[in-house]
Amino acid sequence: MELKNYELIITEKPSVSLRIAESLADGKVRAHKHGKVTYFEIEHKNKKIIIAPAVGHVFTLKHRVGKKGYPIFEVRWLPTYEASKSAAFAKQYVDTLKFLAKHASSYISACDYDIEGELIGYNILKFICGDDTVKKARRMKFSALTKEELTNSYEHALPHLDFNLADSGISRHILDWYWGMNTSRALSHAYKTATSSYLTLSAGRVQTPTLKVLYDREQEIKNFKALPFWVITALIKTKEQDVLSLHEKEKFFNKAEAEKVFENCKGKDALVTSVVKRRTEQTPPTPFNLSDLQQEAYSLFKYVPKLTQAIAQSLYEKGLISYPRTGSQKLTGVDPKHILQKLAENPLYSSKAKKLLLEKELVANEGTKTDPAHPCIYPTGEKSEKLEGLDARLYDLIVKRFFATFGKSAIRETQTVNFNIGHETFFAKGSLTIEKNWHTLYEPYVKLKDEELPPLKEGKSYKVKNLSIDQKETQPPQRYNAASVIRKMEELGIGTKATRAQTLQTLYDRGYVSGINQLHVTSFGATIVETLEEYVPELTSEQLTRNFEDEIEKIQSGELKKEVVIKEAEETLTKIMLEFKEKEEKIGERLKKSYYKSRQEQAIIGTCPNCGSNLIIRVSRASGKQFIGCSSYPKCKTGFPLPQAALIMRTVKTCEHDKLPIIQVIRKGRRRFEMCISPTCPSKKDWGNKKTKKEATS
DNA sequence: GCAAGGTC
């Protein structure tokens with residue numbers, strides 16, 4: 001069959017190609033393969049249309065080959081598979097688009113309608129379809145993958161791309177590249193001048209402010225001065241149970257005052273002065289976007305955000321859930337009834353789905369956040385082979401969350417009882433769920449606890465079983481964990497939903513941070529922050545992102561030309577890099593010292609599976625051997641042997657099998673490998689003895 | 001080799 005004279009619709013990713021084909025096809029959707037890539041052929045109003053996907057960015061910026069040192073500003077666009085081996089899969093997509101572009105008579109970009117999507121389409125047209133197609137191509141603009149929206153966006157396709165938007169995308173890429181590459185190279189170069197050996201160091205518009213956030217918290221904790229305070233509690237005896245009440249002042253920072261109050265209350269009975277009951281409505285949760293899912297999976301299952309993202313991606317590829325890299329908390333364009341009907345066929349979910357289907361109206365408690373291209377994360381209701389382990393748990397959470405958003409508000413009752421003990425006021429609080437409603441749909445993931453108070457009568461006196469005064473002290477602020485730092489990045493508006501988990505990984509990889517439950521900045525990470533604050537302070541604050549956004553907005557509106565912005569960045573950085581270079585020796589010494597020290601520190605390897613404290617490298621007093629053990633030893637005796645290890649470099653990732661850390665170890669003779677710390681992990685052989693490139697060739 | 005951003 002000869003394919004000629006068709007319209008070529010280019011999408012950002014494979015799943016969208018199919019949706020567009022299904023929406024526009026008057027008759028059958030024909031799927032074809034070119035290599036491994038599927039594209040679709042349809043007829044729409046007697047017109048032949050081919051729909052073919054990209055895989056996100058298939059072009060990336062690359063400096064001129066062999067160019068060493070810094071500063072560097074000469075960049076050009078190159079196919080991702082030429083720039084990096086890890087992007088080899090992208091070649092097939094590029095080849096397919098090249099093949100299809102040859103005989104196309106017209107072109108439409110149907111990439112996501114955002115800055116990156118505009119650029120993905122623009123680059124494909126320019127470098128694959130031919131320069132002349134850039135001006136001719138039309139643009140489909142849609143904000144949901146529904147038939148109606150997609151058909152409408154095709155019928156009313158914009159006559160051309162938004163060139164200003166594409167320009168702002170180009171600028172974003174170049175500015176990030178300039179700042180990131182130059183600063184990273186400068187750091188590595190400085191290290192090399194001091195040690196004559198190469199070490200990958202990095203800095204960037206997103207990773208450095210993130211590191212700074214962790215660093216600042218580290219400083220807060222370091223500078224924290226604990227204050228002692230006293231609390232007075234009274235255990236009140238009733239027929240049913242004892243009630244613990246607290247003095248209304250809660251914290252006494254003055255010891256004498258606390259002791260006086262304590263004396264006043266001693267030996268006195270507790271008179272109930274008031275019983276106040278309040279009912280509150282608790283609205284159901286909002287649908288998941290990626291960040292919400294990452295937070296919840298961490299808090300319920302301790303899945304790190306990167307793991308959650310990987311599992312969600314695989315569930316999406318199996319057709320079980322919708323597109324996971326979304327910021328939306330809305331069910332735009334989703335037909336919940338249809339999904340519930342499909343879920344009702346699954347014995348695991350049948351009863352809950354059927355219960356919801358009985359409702360007259362299905363109204364979801366949608367959140368306010370939206371996404372330019374996708375609705376929230378929801379189950380498709382499709383059947384699959386039996387899910388197990390990590391996948392099954394996450395899928396179950398997504399299904400139950402979907403159910404819960406349609407539930408009625410739960411009703412909670414809180415009770416506050418005030419007591420008079422020797423003319424001092426004490427109080428006790430209880431809370432109780434009166435009507436579960438959405439809680440039953442979300443079980444077992446509801447985190448609320450019921451604490452019921454026994455019936456206490458106003459005006460009645462009760463015996464005080466025990467009155468106590470305890471000294472406590474104020475606590476320093478909590479360290480961030482792997483999930484909360486992602487939320488913080490979201491708050492600061494740095495990174496994107498799809499990249500934040502990866503950014504944290506980069507900070508681990510560089511040895512800047514360690515720990516999962518409690519993220520510590522290593523002394524080396526601290527040196528990086530301090531060095532950059534001195535020489536490239538712009539890069540340590542999220543303000544750089546704000547400046548980018550302002551400039552990019554102006555390019556979008558046509559107020560500014562991208563060339564001006566790029567030139568300006570070049571000038572600024574040239575100056576900064578020259579100053580850096582002058583101090584290179586000094587900076588190198590500082591980095592060297594700090595790096596060596598950091599390696600010898602008691603590295604935090606991960607989180608103790610038993611008690612949640614840090615796992616650190618310990619030396620056994622008995623045998624003198626190194627092993628990984630819990631930092632709260634001897635309270636917790638968790639430990640893992642470490643055979644023949646010489647130097648533990650860092651935690652690489654978390655083992656998917658038992659969620660223990662996988663660490664990178666260098667043995668004597670510079671043999672470097674990764675291993676799961678669990679001696680019984682069955683996946684151990686997968687990590688062991690991974691040789692470095694150098695070794696493999698020697 | 002280093003960024004950040006797409007997607008697998």
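In what follows, every heavy atom counts, from backbone to side chain, and hydrogens, waters and symmetry copies are set aside. Chain letters run A, B, ... following the sequence lines, proteins first, then strands; residues in each count from 1. Please read all numbers here as calculations on a predicted model, not as lab measurements.
Phosphate proximity of dA4(B) to T503(A): absent, as no side-chain N or O sits under 4.0 Å from OP1 or OP2.
Residue pairs meeting the side chain to side chain donor-acceptor pair (under 3.5 Å) criterion with at least one partner in residues 73-84 of chain A, sequence neighbours excluded, are R64(A)-E74(A), S84(A)-S86(A).
Counting non-hydrogen atoms under 4.0 angstrom, T499(A) reaches a base of the nucleic acid. Nucleic acid contact class of H189(A) (heavy atoms, under 4.0 Å, all strands): none. Among the heavy atoms of the strands, none lies under 4.0 Å from Y93(A). Nucleic acid contact class of Y191(A) (heavy atoms, under 4.0 Å, all strands): none. Residue-level contact check: L61(A) touches the bases, meaning some heavy atom is under 4.0 Å from a base atom. Within the nucleic acid shown, G117(A) has no heavy atom closer than 4.0 Å to any nucleic acid atom.
Atom-to-atom, NZ of K85(A) to P of dG1(B) comes out at 7 Å; the value is rounded to the nearest Å. When the C1' atom of dA3(B) is taken as reference, atom CZ of F59(A) falls 20 Å away, rounded to whole Å. Atom CD1 in I170(A) sits roughly 22 Å away from atom P in dA3(B) (whole-Å rounding). Between the CZ atom of R510(A) and the C1' atom of dG1(B) there is a distance of 9 Å, given to the nearest Å. Regarding Q502(A), its CD atom lies at a distance of 14 Å from the C1' atom of dC2(B), rounded to whole Å. If you measure from atom OH of Y512(A) to atom P of dC2(B), you get 11 Å, rounded to the nearest angstrom. Per the geometry, CZ belonging to R325(A) stands 18 Å off P belonging to dA4(B), to the nearest Å. The distance from atom CG of L532(A) to atom C1' of dC2(B) is 13 Å, rounded to the nearest whole Å.
A heavy atom lying under 4.0 Å from DNA chain B marks the following residues of residues 171-186 of chain A, by number: R172(A), H173(A), D176(A), W177(A), G180(A), M181(A), S184(A), R185(A). Listed by residue number, the members of residues 201-211 of chain A with any heavy atom below 4.0 angstrom from DNA chain B are S202(A), A203(A), G204(A), R205(A), V206(A), Q207(A).
In this structure, of dG1(B), dG6(B), dA3(B), it is dG6(B) that holds the atom nearest to the side chain of Y323(A). Nearest nucleotide to the T60(A) side chain, out of dG6(B), dG1(B), dA3(B): dA3(B).
Taking E542(A) as the reference, nothing meets the salt bridge (Lys or Arg N to Asp or Glu O under 4.0 Å) condition, with sequence neighbours excluded. Here Y178(A) pairs with F73(A) under the ring-ring contact (aromatic ring centres under 6.0 Å, His included) rule; sequence neighbours left out. With sequence neighbours excluded, the residues forming a salt bridge (Lys or Arg N to Asp or Glu O under 4.0 Å) with E116(A) are R172(A), listed by chain and number. With sequence neighbours left out, the ring-ring contact (aromatic ring centres under 6.0 Å, His included) criterion links Y395(A) to no other residue. With sequence neighbours excluded, no residue forms a side-chain contact (heavy atoms from CB on, under 4.5 Å) with E388(A).
A donor-acceptor contact closer than 3.5 angstrom is absent between the side chains of Y512(A) and Q207(A).
In K68(A), the NZ atom is not crowded: 12 or fewer heavy atoms of neighbouring residues, nucleotides or ligands sit closer than 6.0 Å.
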Using residues 578-585 of chain A as the side-chain source, report each donor-acceptor pair under 3.5 Å to any protein atom, sequence neighbours left out, with the distance given to one decimal.
| from | atom 1 | to | atom 2 | distance (Å) |
| --- | --- | --- | --- | --- |
| K581(A) | NZ | Y70(A) | O | 2.6 |
| E584(A) | OE2 | Y70(A) | OH | 2.7 |
| E584(A) | OE2 | H189(A) | ND1 | 2.9 |

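When each of S188(A) and E12(A) is assigned the nucleotide of DNA chain B with its nearest heavy atom, S188(A) is the one assigned upstream, toward the 5' end.
Residue T531(A) holds its OG1 atom at 5.0 Å from CG of L591(A), rounded to the nearest 0.5 Å.
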